[in-house]
Amino acid sequence: MFGLVDGNNFYVSCERVFQPRLDGRPVVVLSNNDGNVVSRSAEAKQLGIAMGAPFFEVRELLRHHQGHALSSNYPLYGDMSRRVMARLADHVPAVEVYSIDEAFLDLAGLTTWCGPLDARAQELRRDVLACTSIPTCVGIGPTKTLAKVANRLAKKYPELQGLLSLTTESRRERALRALPAADVWGIGRQYAQLLQGSGIRTAWELAGVSEAWARKHLGGVVGWRLVQELRGQPCQGLLPSEDGTLGRKSISCSRSFGQRLHHVEELWGAVSTYLSRAAEKLRAQGDQAHLVTVFLSQDRYDTRIRPPYTRSATLTLPGGPTADTLRLLAYGRRLLEKLYEPGRVYVKAGVVLDGLEPPSSGQQLDLFAPPDLLTEPVSVERSARLMQQLDALNRRFGRGAVRLASTVSLAGQPPPWQGKSNYRSPAFTTRLEDLLLVT
DNA sequence: TCTGGGGTCCTAGGACCC
DNA sequence: TCTGGGGTCCTAGGACCC
């Protein structure tokens, strides 16, 4: 049996823990650059504010109802997430951290009695709320997909008190009949439209399609698995997360700029900043990368630019995998110069590190690569030490305390690529200076 | 005027290997 | 005229998730 726990309106709930004045009001949290709504309180949902709505479209409505909009504060949400996950781990044999606000639970061994399982789930919800102030909902089912179904319904119907378990055949049928097919985990916009066109309205009807139909129309084996899971046939197991973190297969960093950029040197400021950040994450995960990708985008809302313009370039590192910011920057610079076209107006850039693996004992050198000081064995060791020192200093004195010159703008000037974050709350739990004072 | 970021998995074709 | 089978790696694209 699987459980799925998720934090209600997670980002808003995190903000409310430290700002009680937000209680009972419409509250939204905005994406980077204060662009879109990414989390909404119940009151904000009530006003009809949609997930993903552009902020400028709802600003007036929110003001009119004495609501609040907050810039996103990821250090706070990340830290609250760790606290929640730590509580969960105390209640069940294994936890899979699925996202910042969601976790699958292994309920094996707790399934002997139907009633007590529900009681245990309620106990877990109470404990998380008491220790972190984050309200949650729990769904329980024999497959991950059914646990998601149950969680969805538990959120939708308050009379369920935040919990639904699909432990019997009749409950499964009732739940699937109550859920629109479009709300099933794995059915997005495209598939939802296709299902509608085929007359499939509920999750129950979706569970009844043939294997051939599922494979043909729902992305091959992925769709067939989805259907089987709805029927109660598990196709995915739990992937327990050690230490409550996720070992990722790729690491990226991208941002929309606060203003439009034209010049390659400005773009390099942004790209080198993102690449430095990605390299930090890479080292924190204890991996090296084989591939670097850089991409640049023009304004996708500008109707004169059709189709939308994004160009990317990828390089397989000729000197073998690395986690060295200096080497990554050297390659990133080449990629940027390959992509950059004078005359274009850029609004966004990003980098992706791929092909991740832990450092091997022996470095594979490229026999035919031109001599490169940075890939000499002796340099490899020195670079590792340099990166360790860099990371240690930044941990101690705060991110960006020591960084590469290319990522720094002119003295006193905010960098031209920096986005907006006009409504940011303090980092209550991760910066000493931001600690909440009670007087 | 203002429109996000970071991930996953799968497919398919071509190059290349033994 | 006949012309294998089984792999990997790479790239690009498309769907999905939170």
Side-chain angles (χ1 to χ4, degrees), chain A residues 4-11 28-40 50-60 69 71-72 74 77-78 81 96-104 144-145 148 151-152 155 182-195 215-226 235-236 239 245-260 274 277-278 281-282 285 290-291 293 295 297-303 307-308 310-317 347-356 419-422:
Chain A
L4 180 76
V5 192
D6 98 333
N8 303 341
N9 321 327
F10 186 66
Y11 296 168
V28 302
V29 171
L30 304 174
S31 63
N32 262 339
N33 221 5
D34 293 341
N36 300 68
V37 172
V38 293
S39 180
R40 307 159 292 156
M51 185 65 174
F55 178 42
F56 69 86
E57 284 180 11
V58 301
R59 184 181 311 183
E60 274 315 308
S71 303
S72 40
Y74 287 103
Y77 312 148
S81 172
E96 174 186 339
V97 176
Y98 178 67
S99 74
I100 195 163
D101 74 328
E102 263 183 67
F104 284 103
K144 282 182 162 182
T145 306
K148 286 285 260 183
N151 177 276
R152 192 95 187 196
K155 268 194 285 192
D183 290 351
V184 171
W185 189 39
I187 300 299
R189 260 226 311 276
Q190 308 293 320
Y191 292 160
Q193 215 173 0
L194 188 139
L195 291 177
R215 283 183 184 270
K216 182 163 179 206
H217 296 107
L218 301 176
V221 68
V222 183
W224 173 228
R225 277 186 209 147
L226 185 160
C235 300
Q236 328 170 47
L239 304 164
T245 63
L246 307 94
R248 317 232 72 134
K249 298 180 171 175
S250 74
I251 288 173
S252 56
C253 182
S254 66
R255 293 280 181 283
S256 297
F257 312 135
Q259 60 188 77
R260 292 154 193 283
Y274 306 158
R277 178 72 194 118
K281 292 195 218 172
L282 178 67
Q285 184 176 307
H290 272 282
L291 293 128
T293 299
F295 69 84
S297 299
Q298 291 192 265
D299 185 358
R300 68 193 154 118
Y301 297 101
D302 186 337
T303 48
T310 295
R311 290 292 179 277
S312 70
T314 301
L315 180 69
T316 303
L317 302 192
V347 300
K348 176 176 176 170
V351 305
V352 185
L353 301 178
D354 248 315
L356 308 191
K420 284 179 293 197
S421 185
N422 293 330

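So that the names make sense, note that chain A is the first sequence line, chain B the second, and so on, each numbered from 1.
When side chains are defined from C-beta on, A:E102 does not count as touching A:V5, because their heavy atoms never get closer than 4.5 Å. Inter-residue side-chain proximity for A:N32 and A:S72 is flagged as met; some heavy-atom pair is nearer than 4.5 Å. Side-chain atoms of A:V28 and A:V58, non-hydrogen and from C-beta on, never get closer than 4.5 Å to each other.
The side chain of A:Y11 contributes no N or O atom lying less than 4.0 Å from OP1 or OP2 of B:dG4. A:S254 has a side-chain polar atom (N or O) that falls below the 4.0 Å cut-off from OP1 or OP2 of B:dG6. For the pair A:S99 and B:dG7, the criterion of a side-chain N or O lying under 4.0 Å from OP1 or OP2 is not met. When the side-chain nitrogen and oxygen atoms of A:K144 are compared with OP1 and OP2 of C:dC17, none of them lie within a distance under 4.0 Å. When the side-chain nitrogen and oxygen atoms of A:S31 are compared with OP1 and OP2 of B:dG5, none of them lie within a distance under 4.0 Å. Remark: A:K348 is in phosphate contact with B:dG5, judged by side-chain N or O atoms under 4.0 Å from OP1 or OP2.
Residue A:R260 has its side chain nearest to B:dC2 when only B:dG4, B:dG6, B:dC2 are considered. Closest to the side chain of A:Y98, out of B:dT3, B:dG5, C:dC18, is C:dC18.
Within the 4.0 angstrom heavy-atom criterion, no nucleotide atom of any strand lies near A:D34. When heavy atoms are screened at a 4.0 angstrom cut-off, A:R277 is found touching no nucleic acid atom at all. Among the atoms of the strands shown, none is found under 4.0 Å from any heavy atom of A:R215. Residue contacts for A:Y191: at a heavy-atom cut-off of 4.0 Å it reaches the sugar-phosphate backbone alone, with no base atom in range. At a threshold of 4.0 angstrom between heavy atoms, the contacts of A:L30 with the nucleic acid are absent. Residue A:V184 is in sugar-phosphate contact alone, with no base atom involved, counting any heavy-atom pair closer than 4.0 Å across all strands shown. Residue contacts for A:I251: at a heavy-atom cut-off of 4.0 Å it reaches the sugar-phosphate backbone alone, with no base atom in range. Heavy atoms of A:E57 sit nowhere under 4.0 angstrom from any nucleic acid atom. When heavy atoms are screened at a 4.0 angstrom cut-off, A:N32 is found touching the sugar-phosphate backbone but no base atom.
Nearest approach of A:I100 to A:S81, heavy atoms of both residues: O-OG, 2.7 Å.
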Bracket string, DNA chain B, 5' to 3' - pairs by Watson-Crick or G-U geometry under 3.5 Å, | interstrand: ....||||||||||||||
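Distance A:Q236 CD to C:dC16 P: 16 Å, rounded to the nearest Å. In this structure, the CZ atom of A:F55 is 12 Å from the P atom of B:dT3, given to the nearest Å. In this structure, CZ of A:R300 is placed 10 Å from C1' of B:dG5, rounded to the nearest angstrom. In this structure, CD of A:Q190 is placed 15 Å from C1' of C:dC17, rounded to the nearest angstrom. C:dA15 atom P lies 13 Å from atom CD1 of A:I187, rounded to whole Å. What separates CG of A:L218 from C1' of C:dC16 is a distance of 12 Å, to the nearest Å.
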Are there any protein N/O atoms within less than 3.5 Å of an N/O atom in nucleotides 8-13 of chain C, and if so, which ones and at what distance?
none

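In terms of modelled atom types and a separation under 3.5 Å, the side chain of A:S39 and the main chain of A:V29 share no donor-acceptor contact. With hydrogens and angles disregarded, a donor-acceptor distance shorter than 3.5 Å links the side chain of A:K281 to the backbone of A:S252. Listed for the A:N33 side chain is a donor-acceptor partner under 3.5 Å among the backbone atoms of A:F257.
With centres under 5.5 Å and a plane angle under 30° as the test, the ring of A:F56 is not stacked against the base of B:dT1.
The residue among A:S250 and A:S256 whose nearest nucleotide of DNA chain B lies closer to the 5′ end is A:S256.
Atom CD of A:Q193 has 12 or fewer neighbouring heavy atoms from other residues, nucleotides or ligands inside a 6.0 Å radius.
With rounding to the nearest 0.5 Å, the separation of CZ in A:R248 from CG in A:L353 is 13.5 Å.
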Candidate pair A:R277 and A:Y274, rule side-chain contact (heavy atoms from CB on, under 4.5 Å), full reasoning: CA-CA 5 Å; A:R277 178 72 194 118; A:Y274 306 158; 5.6 Å; no
Worked check of side-chain contact (heavy atoms from CB on, under 4.5 Å) between A:R225 and A:T145: CA-CA 10 Å; A:R225 277 186 209 147; A:T145 306; over 6 Å; no
